[in-house]
Amino acid sequence: MASEADGGGTESAAAAAKARDGRAERLEQSNPMGGDHQPKDHAWQVGRTEPVSKSQMKRLMKEKQWEDQKELRKQKRREKKLKRKLERQTRSEEGCEESCRKRFKRDVTPSSLRVALDCSFDGLMVMKDVKKLHKQIQRCYAENRKAAHPVQMYLTSHSGQLKKNMDENDKGWVNWKGITVTSEHFSEAMKKEDLVYLSSDSPNVLNDLDATKAYIIGGLVDHNHHKGLTHNKALEFGIAHAQLPLGNYVKMDSRKVLTVNHVFEIILAYLEKKDWQEAFFTVLPQRKGAVPACLPVSTAENQPGADSDTCESVQNGRATPGALAQENKQPSKLKCEEQGTKTSEEMDGEM
């Protein structure tokens, strides 16, 4: 009986060893890279008897190719780094190293002027327009940071959709410098007698900026759906209101309503240049079709070389900087009238 048991045990052990050898042989066939080169990422295949799929085979081949090209990639990086170094040395020898690699910081004189962006229109905008307002606020902040005369910037009624969007997509706003962000309404954050609401619907024209005042810009992107809203808000709170003197200096083939960042940038440009017309033409985009007020919009393209003594030169629909920098100049419209310049509409009327 004992011998039979020993015989049975020997046969079982032999069968088990044969089964292990068979599994090992199948595993080696399924690993085309050999047992010594089994990738660590594919350790999960150990003990599996299924054949390697096509996708797994492609991944293994890509990994092998990546490893084989490792030294080649290092060599390319070294060559690129050396090329950049040689280019910097060349620019340095030509004397433009500093201008190419570093922008000198201009002399900055902070202004005491306060400019607040009123964000209390959150409920009147869809999320698409809220995101546009967010980008305009980012532009205002960036322009103020690099301006020659940065203003004291405020962001009032900061809450709702706008705050949520900024928290999700621009978490760095909490570290912004030179700006006061508050959930309070502008009427609570500043003295009522200091406030001037900027609105294109106001009958009052702003001829100069008062450093003791706080100018409010309506933070609203509504595609002109809510006309007169900011003007009515100023009347509601009983505060002063005015519009920029755009009509005195500029004619446009589009509506006069400007974006939040355009109004903000015009204020910064005026503080630097002390000239409204130059500030307008520095900021207004070409798509607005802006031309000096003495030129009709329809004929601006036909008079690119207008005499700078009668009205500012126009190039590509905009006044050139050289013609704008004139001392003691009056509004272009008045200059054209004094010298008897006639627009095409007046000439048609006479005919």
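These values consider heavy atoms only, across backbone and side chains, with no hydrogens, waters or symmetry-generated copies.
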Taking [Y] as the starting point, is it possible to reach [X] by hopping between hydrophobic residues whose side chains are less than 4.5 Å apart?
X    : Y    : answer
V174 : L162 : yes
L133 : M127 : yes
M166 : L124 : yes

Search all heavy atoms of [X] against all heavy atoms of [Y] and return the closest pair with its distance.
X    : Y    : answer
N207 : Y270 : O-OH, 4.0 Å
D208 : W276 : N-NE1, 4.2 Å
V52  : M57  : CG1-N, 3.7 Å
D210 : L113 : O-CD1, 3.1 Å
T156 : D118 : OG1-CA, 3.6 Å
H241 : P203 : CE1-CD, 3.8 Å

Looking only at side-chain N and O atoms, does [Y] offer a donor or acceptor that is under 3.5 Å from a partner on [X]?
X    : Y    : result
H231 : S199 : no
E79  : Q75  : yes
Q138 : D170 : yes

Within-4.5 Å side-chain heavy-atom neighbours: [X] and [Y]:
X    : Y    : value
M61  : K58  : no
W176 : I137 : yes
S202 : T230 : no
L206 : Y215 : yes

Discussion item. Check whether Y141 forms a cation-pi arrangement with K177 (NZ or CZ under 6.0 Å from the six-membered ring centre, at most 45° off the ring normal).
Written reply: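 Relative to the ring axis of Y141, which defines the angle, K177 lies outside at least one limit.
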Item to complete: Start with the C-alpha distance between E278 and T282, add both sets of side-chain angles, then the distance that settles side chain to side chain contact (heavy atoms under 4.5 Å, CB included), and finish with yes or no.
Response: CA-CA 6 Å; E278 191 171 355; T282 300; 4.1 Å; yes
Discussion item. Give me each pair satisfying ring-ring contact (aromatic ring centres under 6.0 Å, His included) with a member in residues 64-84, each pair once, sequence neighbours excluded.
Written reply: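 Qualifying pairs, neighbours excluded: none.
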Discussion item. For K135, I'd like to know if atom NZ has over 12 heavy atoms of other residues, nucleotides or ligands within 6.0 Å.
Written reply: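 Not buried by this count: 12 neighbours or fewer within 6.0 Å.
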Worksheet item: More than 12 foreign heavy atoms under 6.0 Å from NZ of K131: is that the case here?
Response: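 Atom NZ in K131 is not crowded, with 12 or fewer foreign heavy atoms closer than 6.0 Å.
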Discussion item. To the closest 0.5 Å, what do you measure between CD (E143) and CZ (R139)?
Written reply: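 One gets 4.5 Å once the value is rounded to the nearest 0.5 Å.
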Worksheet item: Hey, what do you get for OG (S187) to NZ (K192), rounding to the nearest 0.5 Å?
Response: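 Here the interatomic distance stands at 8.0 Å.
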Worksheet item: When you look at V205 and N248, which way does the side chain to side chain contact (heavy atoms under 4.5 Å, CB included) test go after all the steps?
Response: CA-CA 9 Å; V205 178; N248 293 344; 4.0 Å; yes
Fill in: Centroid-centroid under 6.0 Å between W173 and H158 rings
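Ring centres of H158 and W173 closer than 6.0 Å.
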Worksheet item: Ring centres of F186 and Y197 under 6.0 Å apart?
Response: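 Yes - the distance between ring centres of F186 and Y197 falls below the 6.0 Å cut-off.
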